[in-house]
Each structure stands twice: as C-alpha cells, then as structure tokens.
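Just so it is clear, the structure is predicted and the values come from calculations on it, not from any experiment. Because only heavy atoms are used, hydrogens play no part in the values below, and waters and symmetry mates are left out as well, while side chains stay in.
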Amino acid sequence: MFTHSPIPDDCPHCHARKAVVAPSGWWRAALVLGWVVMAAMVLGLGMTGVAGPFTVLPGVILYGVGGLPFLHARASEPATCSECGKIIEPLAEGPAPKAVTLSAAGTKTEPAAPLHHGI
C-alpha cells in the first residue's frame, strides 16, 4: 500500500484556502495496471513464436516508450496550488525517532555520547 505524507489544503506560499490540487490516487492504480498489461504483452510475445517479433513486438515497444512514461509522469506529479501554481511539499510526519539499541541482555540502552579525542 502506498503511504504518503499528508498534503495541506491551504497553500503555504500565497495562503489561498482549499487551493491545493494533488493528482488522483487512480493514476497510481492505472500505473500498476499499466505494468500488468506490459507483463501480459511480454508473456504474449513469448507465446507467439516466430511471428512474435513482427506482430506483438511493435506494440510492446510503442506501449513501453509512450504509455508507461505517461502513466509514471501523471502518477508522480507533485501537488500544486491552483492560485499561484507553486509546488506544495507534503507536511512533515514529525520528529525523527530517537535511536535506541538493545544490549545482549535485552535491556534498552541509550546511544553513547561521541568520543572526543583531545590531542
């Protein structure tokens, strides 16, 4: 499943309310379906035998050069503001988790302070 950071509704640049437009999740589903179609075409190419390079291969090449890049571009478009046109960055998830290690006995230990070698 795709996990993404939430995108704000209001533009942080021009402060327009409810102006942020993000690509639909259906584009990601279409991209997955596009790769399934490509796999089916390659499988079909392998099953056609001698006639494959002349019948199916041109379609596989055209689809791979035109169809999949289009789907990748649409599925990975960033969210933009409909008022000012600027790209909107996703909201931060929060502070990074603190590094905790487990000792051999299974108890939590805090990371050691870095050693300073004074010479």
Side-chain angles (χ1 to χ4, degrees):
M1 195 72 195
F2 293 104
T3 58
H4 294 285
S5 298
I7 297 172
D9 290 332
D10 301 337
C11 179
H13 305 288
C14 68
H15 305 291
R17 300 192 53 77
K18 306 286 184 194
V20 176
V21 179
S24 172
W26 287 105
W27 284 111
R28 289 186 197 93
L31 179 60
V32 171
L33 182 62
W35 278 107
V36 169
V37 168
M38 177 58 106
M41 290 172 79
V42 170
L43 180 66
L45 177 65
M47 294 180 5
T48 57
V50 177
F54 304 108
T55 58
V56 182
L57 185 60
V60 172
I61 291 172
L62 288 175
Y63 183 71
V65 169
L68 288 177
F70 170 76
L71 291 174
H72 272 283
R74 291 302 303 250
S76 62
E77 281 181 347
T80 57
C81 175
S82 61
E83 297 292 323
C84 67
K86 292 185 178 177
I87 294 176
I88 308 299
E89 295 295 326
L91 297 173
E93 288 289 325
K98 187 177 178 182
V100 175
T101 58
L102 293 177
S103 67
T107 59
K108 283 187 183 180
T109 59
E110 296 298 322
L115 298 175
H116 297 286
H117 298 287
I119 299 177

Quick one: list whatever passes ring pair (Phe, Tyr, Trp, His ring centres under 6.0 Å) with W26, sequence neighbours left out.
->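 Applying ring pair (Phe, Tyr, Trp, His ring centres under 6.0 Å) to W26 gives none.
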
Between [X] and [Y], what is the shortest heavy-atom contact and its length?
{"X": "L71", "Y": "G34", "answer": "CD1-CA, 4.1 Å"}
{"X": "E83", "Y": "C14", "answer": "CB-SG, 4.0 Å"}
{"X": "M38", "Y": "L68", "answer": "CE-CD1, 3.8 Å"}
{"X": "P23", "Y": "E77", "answer": "CG-O, 3.1 Å"}

To the nearest 0.5 Å, how far apart are OH in Y63 and CZ in F70?
->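 Here the rounded value is 11.0 Å.
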
Matching residue for V56 among T48, L43, V42 - test: side-chain contact (heavy atoms from CB on, under 4.5 Å) |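 Output: one option passes, namely T48.
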
V37 and V32: same hydrophobic cluster, using ILVMFWY side-chain contacts below 4.5 Å?
->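 Different clusters: V37 never reaches V32 through Ile, Leu, Val, Met, Phe, Trp or Tyr contacts under 4.5 Å.
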
Hydrophobic cluster membership, W35 vs V65, 4.5 Å side-chain cutoff =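 In one cluster: yes.
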
Assess whether atom CD1 of I87 is packed by more than 12 heavy atoms of other residues, nucleotides or ligands within 6.0 Å.
->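 Incorrect, the count does not exceed 12.
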
For A79, what residues pass the side-chain contact (heavy atoms from CB on, under 4.5 Å) criterion, not counting sequence neighbours?
->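 side-chain contact (heavy atoms from CB on, under 4.5 Å) list for A79, sorted by chain: I7, V20, A22, I88.
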
